[in-house]
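Given the structure is predicted, the values throughout are model-derived calculations rather than measurements.
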Amino acid sequence: MSTPNADYVIETNDLSKRFGGFQAVEKLNLSVKRGEVFGLLGPNGAGKTTTIMMLLGNVRPTAGRATIMGKPVGDIRVRRQVGFLPEKFQFHDFLTAAEFLRLHGRLNAMGGSSLEAKIRTVLERVGLQARSKSKLKEFSKGMQQRIGIAQAILHDPQLVILDEPTSALDPLGRREVRGIVEDLRTEGKTVILNSHILSEIETTCDRVAILKNGKLIALGAMVELLSFASTVEVEVQSMNDAAMVAVRGVVQKLKLERVPITRFTAMLRSEEDIPLLAEALVLNGVKLMALTPKRETLEEAYLRIIE
């Protein structure tokens, strides 16, 4: 493997895992940048969880290598810099929220007044400050996810891996978790986010990797993955007959919303025709107020790529 790049928190080289005759992950090559929120997507059985377990050092690769912050996965110095919320967690339900966090703090070599202050801070951050003395067995599924996020960020890790962190949360709870992730990004932390709620991934992540049958089939920033949908919404003033003739010469299909024309939707052959549409309007004396190209949603792109 080449010398680790300081700009990347995670680097994998042909990382692979086989369980008997089943190839769970095959020659995975990823580089996750420092300070980015990175989405990991794919259908059930795609290899997402196996990949996460290998990165955590909980599963030994069959072949290939991976580093976290330039060190081999499993290195104790690395593990101290990683926070993790598993999808299928089972916490000590006889403990209170504060006791649970105190236990995890001590496992991370934290203690004293600084630990107690940190517990108060993270409980407030996940909206559970009023339930610090409540036992976890009294918590709903959503509250358990919140306390799970609290333990993942308690020790101020540089890398936070969240596996389905919002699956049991209502829209308000998902928005709060999104705020936490955005705060972590602002603080320079790196976040790996695995979620089936694609709207959350689309809103939150800088880049996304899509796995299928253990293989990486797509990787890139949102703007790279979401194709132009051939549709442009246009808002104008002073539309005239000459401009309309010019527009019809550029577009494939035109949908007018009202007369006189102040808004219309145009179907184009390709994204390269957008400047031609703008030119057809402006050169004919029309005031172009807004021109908004429409792109796929992440859900649409995901289905297109997977299928």
Side-chain angles (χ1 to χ4, degrees), residues 7-8 29-43 46 171 174-175 178-179 181-182 185-186 191 193 195-212 215-307:
D7 293 333
Y8 294 103
N29 292 291
L30 282 180
S31 296
V32 179
K33 298 176 183 178
R34 187 176 302 276
E36 77 173 336
V37 180
F38 190 89
L40 197 59
L41 300 178
R174 290 200 296 271
R175 186 178 69 179
R178 187 164 62 244
V181 171
E182 290 170 352
R185 178 201 281 125
T186 300
V191 181
L193 189 60
S195 175
H196 284 95
I197 303 176
L198 298 186
S199 60
E200 294 296 311
I201 295 287
E202 183 174 1
T203 303
T204 307
C205 293
D206 301 302
R207 289 195 302 145
V208 170
I210 300 178
L211 303 180
K212 181 180 180 182
K215 297 180 180 179
L216 179 65
I217 61 172
L219 172 66
M222 289 298 171
V223 69
E224 298 167 345
L225 293 178
L226 305 185
S227 295
F228 173 58
S230 301
T231 301
V232 177
E233 292 186 354
V234 184
E235 182 178 348
V236 296
Q237 289 182 1
S238 306
M239 191 66 175
N240 57 67
D241 292 341
M244 182 57 66
V245 170
V247 166
R248 291 188 183 279
V250 173
V251 307
Q252 284 187 309
K253 187 177 180 180
L254 199 61
K255 179 182 178 182
L256 306 178
E257 295 189 11
R258 60 175 63 90
V259 177
I261 299 169
T262 57
R263 295 176 183 269
F264 64 88
T265 301
M267 183 75 74
L268 303 178
R269 298 172 185 84
S270 71
E271 203 164 7
E272 284 70 30
D273 286 341
I274 293 177
L276 299 179
L277 173 60
E279 187 177 76
L281 292 164
V282 174
L283 291 183
N284 285 284
V286 176
K287 293 181 180 179
L288 181 57
M289 308 304 294
L291 190 154
T292 308
K294 294 299 179 181
R295 292 189 174 274
E296 293 177 305
T297 65
L298 181 58
E299 181 176 355
E300 291 167 339
Y302 172 83
L303 293 174
R304 169 175 55 81
I305 292 168
I306 287 294
E307 293 174 352

- Any pair with a residue in residues 216-233 that passes side chain to side chain donor-acceptor pair (under 3.5 Å), sequence neighbours left out, goes on the list, sorted by first then second residue, please. S227-R304

- Pairs flagged by side chain to side chain donor-acceptor pair (under 3.5 Å) wherever residues 238-254 is involved - sequence neighbours left out: none

In chain order, what residues pass the side-chain contact (heavy atoms from CB on, under 4.5 Å) check against [X], with sequence neighbours excluded?
X: T186; value: none
X: L291; value: V232, V234, I274, L277, A278, L288, P293
X: A218; value: I210, L225, I305
X: P275; value: none

- Looking only at non-hydrogen atoms, find the nearest pair between L298 and E202 and report the distance. N-OE1, 3.0 Å

- Grab the two heavy atoms, one from K212 and one from I306, that are nearest each other, plus how far apart they are. NZ-O, 2.6 Å

Show me the donor-acceptor pairs within less than 3.5 Å that the side chains of residues 36-43 make with the rest of the protein, sequence neighbours left out.
{"unit_1": "E36", "atom_1": "OE1", "unit_2": "R207", "atom_2": "NE", "d": "3.1"}
{"unit_1": "E36", "atom_1": "OE2", "unit_2": "K33", "atom_2": "N", "d": "2.7"}
{"unit_1": "E36", "atom_1": "OE2", "unit_2": "R207", "atom_2": "NE", "d": "3.4"}
{"unit_1": "E36", "atom_1": "OE2", "unit_2": "R207", "atom_2": "NH2", "d": "2.8"}

- Task: Can you run down the salt bridge (Lys or Arg N to Asp or Glu O under 4.0 Å) pairs that involve residues 269-278, sequence neighbours left out, and say none if there aren't any?
- Result: E271-R295

- Query: Roughly how far apart are K287 NZ and L281 CG, rounded to 0.5 Å?
  - Reply: 14.0 Å

- OG1 of T203 to CD1 of I197: how many Å apart, nearest 0.5 Å? 11.0 Å

- Message: Is it the case that over 12 heavy atoms from other parts of the model lie below 6.0 angstrom from the CD atom of E300?
- Response: yes

- Message: Could you work out, with side chain to side chain donor-acceptor pair (under 3.5 Å) as the rule, every residue matching E182, not counting sequence neighbours?
- Response: none

- Query: Does S31 have any side chain to side chain donor-acceptor pair (under 3.5 Å) partners at least two apart in sequence or in another chain, and if so, which?
  - Reply: none

- Does the pair M244 and L256 meet the rule for a side-chain contact (heavy atoms from CB on, under 4.5 Å), with working shown? CA-CA 11 Å; M244 182 57 66; L256 306 178; 4.2 Å; yes

- Listed partners of E279 passing salt bridge (charged side-chain N to carboxylate O under 4.0 Å, His left out), at least two apart: none

- Residue list, salt bridge (charged side-chain N to carboxylate O under 4.0 Å, His left out) with E235, at least two apart or on another chain: R263

- Message: What verdict does the side-chain contact (heavy atoms from CB on, under 4.5 Å) test give for C205 and M222, after you've listed the backbone C-alpha separation in whole Å, the side-chain angles of each residue and the deciding distance to 0.1 Å?
- Response: CA-CA 8 Å; C205 293; M222 289 298 171; 4.2 Å; yes

- Carefully, step by step, assess V181 and E200 under the rule side-chain contact (heavy atoms from CB on, under 4.5 Å). CA-CA 11 Å; V181 171; E200 294 296 311; over 6 Å; no

- Please walk me through it: do V286 and M239 pass side-chain contact (heavy atoms from CB on, under 4.5 Å)? CA-CA 5 Å; V286 176; M239 191 66 175; 4.0 Å; yes

